[in-house]
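To keep things clear, I will list the structure first and then write my remarks on it.
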Amino acid sequence: MTTSDRMDTLKSISKDFKRILILFAHPSINRSEVNWPLAQATRQIPGITFVDLYAEYPTLDINVDREQQRLLDHDIIVFMHPLYWYSTPSILKEWQDLVLEHGFAYGHEGTALHGKVFFNVISMGGPEEAYSSEGFQHFTIRELLHPLEQMAALCGMLYLPPFTLFSARLAVEEQRLQDHIDNWVIFVKALQHDQVDIIKAQSLPKLNQDLSGLIQGESS
Amino acid sequence: MSSILFQAFIYLCAAVIAVPIAKRLGLGSVLGYLIAGIIIGPVIGLVGTETQEIQHFAEFGVVMMLFLVGLELEPKLLWEMRNRLIGLGGLQVLLTVLLITGGALIFTVNWQTALAIGLIFSLSSTAIVLQTLNEKGLIKTDGGRSGFSVLLFQDIAVIPMLALIPLLAIPELGAMGAEPHSGADHAHLSLVKDLPGWAYTLVVLAAVAFVVLAGHFLSRPLFRFIAASRLREVFTASALMLVIGIALLMTLVDLSPALGTFLAGVVLANSEFRHELESDIEPFKGILLGLFFITVGAGIDFQVLSDQPGLILGLTLTVMLVKGIVLWFLAKLFRLNSKDGWLFTLGLAQAGEFGFVLLSFSIQNQVIPIELSKILSLVVALSMLITPALFILYDQLFMRRGADESSAESDQIDEQGSVIIAGVGRFGQIINRLLVASDIKTIVLDHEPNMIDTLRKFGVQSYYGDASRPDLLHAAGIESAKIFIVAIDDRDRAIEMVEHVKRHHPHVFVIARAFDVGHLYLLKKAGVDLAIREVFEGSLEVGRAALKTLGIHPFRVEQMVKAFRLHDFSGLDELYDLWDENEAMAKNRAYLARAREHGDTLRDLLDKDRMELHDRSERGWTPPPKNYVKEFTED
Ligand SMILES: Cc1cc2nc3c(=O)[nH]c(=O)nc-3n(C[C@H](O)[C@H](O)[C@H](O)COP(=O)(O)O)c2cc1C
């Protein structure tokens, strides 16, 4: 009851402004060349809630109540992280295990997340062409992220493909990082103002496939 | 007697009124003192010619200031500065002397007089510049360091200049009335007056060697002995004795006392008593320098000024312009960036207190006629008076740009942000080791000389001193510290320390070691940012080991300990709110300690512990209900 009340008030306040929650996870930021600069740029965007999970829970003692409240307070939930063994760094897994409780995120009563949007912002060490049935990683990145896609589905959230950077270890040397960050900031601002074609986005292999085609002039 | 008191009262009164107002108006303390001097001297005539004598006495402030500067400068740093000291300083003096001598030749026929004028104006004001740089925190910038190098070189160069001036004597001037060779100012005791050159050199070398060696080997045992007596004023007296003694020794061998004390400062820069010495000498230096500035202001002869205002102002501006051009040129030559270059140029363009000394010496030796000297002395004073305005100009020029640059710089400072640890017994030592191992700069204070001694042997940067003393905290750099850690084993002093630091330096994050809950609350009340009970974590560790030994799964034990910590912390906060509301209880520390330890509350506590612990530690990884799959297949 209270949950849906909350949702309604939230929606009315943020009619044309979407609140975005970025859950950032990187366990060794002093060596991060991609995700940390990306995180810094993200932090600067007005109206964003940015949470550095490893900073807030250095001993992985995630505060379940606080994290659930955060979910309630936002329309769009984003995991920002490097790809570690075809998945997230461990704290994001811990976060799922603890925060997405029965009765809150799933199950009969668990409707708190219904209608929210979910996606990942990830960097891969491997090159893009490797992530296909012919490549040495054998699966596409969307296939590898199926557990997260199904997590979103079970919680009633709208899943979008990831916003990706491949060959991340060479991004700085090859001067691709700044473009990536710039594109990401543009995309986030479009999301905030509801200018992204969500339906179209859902079927793409990655969000940053064709950004200008995805972002509409004005919200409908 | 009463006239001394009267004079002292007038000087103090003028300073007490003028300086705070000047500071409030953003003019800086130096200008405040100068204005105070002008008011009590030429304007309302409360003080007269005796200012001359007072000025000579007050110049001792410069000597003390150089001692303090030396203390901040480790020998290594001084060595790194050698190129600037000689290159920058030497060129500045040489070029300025050449240009001003050349200019003076236009006005006077005697090249000797012209050269003396060149020498007088080549010097800048160590007192004004260093004081201002320190006050504005600019001394550590590139411009500040360069300025300091030049000033130091000038202070050394004064000695050969004083030797040169008698050689420039023009006998005809004798008829003008000045007593030849009376040298009233410099008729001091000298051990070396009649020695041949080689012997003089030997004596000088011996004196310098004595200062260095004694500073290095003798001072420590002496200070340690005095520190052990725990008599504060004796330590102050010994610090004063040191500075005055060295100054005296230097005068006896015809060396600059400022140079001598500077050297002694450098030698002691690595000593554990450095901060203590600093905080002892600092107030004397401040007052003497203030007095010095007042006498400069009071000595301005408005009669001469109003007779020839155009000439004097014109000369002052010309001198400063010439000096400024030389400085600007050198800043370019030594590749200072524009901000530092301007600090250097605007900061050093005045003439200085040593100019007065050379001037009076020149008169006595019949190098400069009396009439001319009046004008020159006014030019020196006016240029000093204008200097604070130039610093304000510098501020204006770079205030805005400074803000832009600071965003990039502040990151660095963040990392550097130093930590002061008060008390390095068992507790403080571990904190210090962890921080130092993480490349954090720490400054450690303890009032136990033996402890400091041992720590120093292990290379820990530690200083002797009672960390509850505000001036010692100041000397340890509390203004620029990020964190202050109270790790001493004295409950009451810990609370006082927290109160003091939070009141006067609210920007510093204070962490304190608490003995028990009662102490923790008192620390909180004193404004501590974080207080940690000293035995809490250790006790938990023992509890954790016990639970594991009993065969409970280690990960489960971990969850229980974590839950217990959380539960205990929230209980602490709740209790504090109650405790804080009740003022009477807050005052009665003993009551609180009893309430906490007492049997019947303990029983409640244990009951509450068990229930809450269970709830909290069961929260994570809760499996869904047995038949929850139906929820998905039903509809
Ligand atoms: C533990 C670990 C596991 C990784 N697993 C993968 C992986 O499965 N696939 C891949 O393409 N890159 C993998 N990488 C490479 C990271 O994705 C890559 O280093 C990261 O995206 C670079 O971003 P950063 O500079 O922000 O750390 C892994 C790296 C680590 C440290």
Side-chain angles (χ1 to χ4, degrees), chain A residues 3 28-32 36-37 39-41 43-44 52-71 88 90-114 147 149-157 159, chain B residues 404 407-408 410-412 414-416 434-435 437-440 509 511 530 532 536-537 540-541 543-544 553-571 573-574 612-635:
Chain A
T3 305
S28 66
I29 49 161
N30 52 332
R31 285 176 296 179
S32 162
W36 188 241
Q40 296 316 306
R43 270 193 165 135
Q44 312 289 323
D52 179 344
L53 283 176
Y54 277 109
E56 201 159 321
Y57 306 113
T59 54
L60 305 198
D61 299 319
I62 289 168
N63 182 329
V64 177
D65 292 325
R66 187 195 295 162
E67 291 306 313
Q68 291 185 346
Q69 189 57 49
R70 279 186 174 141
L71 290 174
T88 66
S90 59
I91 199 170
L92 274 167
K93 183 64 169 62
E94 188 83 335
W95 180 94
Q96 296 171 52
D97 296 353
L98 290 169
V99 179
L100 302 179
E101 286 177 320
H102 180 262
F104 172 79
Y106 67 100
H108 253 321
E109 319 264 277
T111 57
L113 305 181
H114 280 199
E149 183 163 355
Q150 180 51 23
M151 169 203 87
L154 194 76
C155 298
M157 294 195 281
Y159 179 79
Chain B
D404 288 346
S407 64
S410 65
D411 247 347
Q412 251 186 338
D414 273 347
E415 282 171 16
Q416 295 284 313
L434 175 63
L435 292 179
S438 318
D439 279 338
I440 304 295
F509 191 89
I511 308 177
L530 184 63
I532 308 277
F536 185 69
E537 298 295 338
L540 284 188
E541 195 66 43
R544 180 189 277 126
H553 189 287
F555 194 69
R556 173 85 189 118
V557 170
E558 206 51 45
Q559 300 313 308
M560 285 158 72
V561 172
K562 280 176 180 173
F564 181 84
R565 280 183 91 240
L566 275 182
H567 151 71
D568 187 86
F569 282 180
S570 62
D573 289 344
E574 278 165 32
E612 285 201 9
L613 189 59
H614 181 80
D615 287 355
R616 280 186 196 255
S617 65
E618 294 285 294
R619 176 73 190 269
W621 306 282
T622 315
K626 300 257 184 210
N627 55 353
Y628 84 113
V629 184
K630 284 202 193 110
E631 296 173 23
F632 300 100
T633 44
E634 263 169 13
D635 38 48

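What you see below is based on every heavy atom in this structure, not just the backbone, and it leaves out hydrogens, waters and symmetry mates. All chains are named by letter (A, B, ...) in the order of the sequence lines, taking the proteins before the strands, and each is independently numbered beginning at 1.
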(message) Let's test your reading of the structure: which of A:Leu154, A:Leu98, A:Asp97, A:Ile62 forms the most heavy-atom pairs below 4.5 Å with chain B?
(response) A:Leu98

(message) Just checking A:Glu109: does its CD atom have more than 12 heavy atoms from other residues, nucleotides or ligands closer to it than 6.0 angstrom?
(response) no

(message) So, taking the atom named CG in A:Asp61 and the one named CZ in B:Arg565, what distance separates them when rounded to the nearest 0.5 Å?
(response) 8.5 Å

(message) Any non-hydrogen side-chain atom of B:Trp621 less than 4.5 Å from a side-chain atom of A:Glu94?
(response) yes

(message) Would you compute the distance between atom CG of A:Leu60 and atom CD of B:Glu558 and round it to the nearest 0.5 angstrom?
(response) 11.0 Å

(request) Looking only at non-hydrogen atoms, find the nearest pair between A:Gly107 and B:Glu631 and report the distance. (result) CA-OE1, 2.6 Å

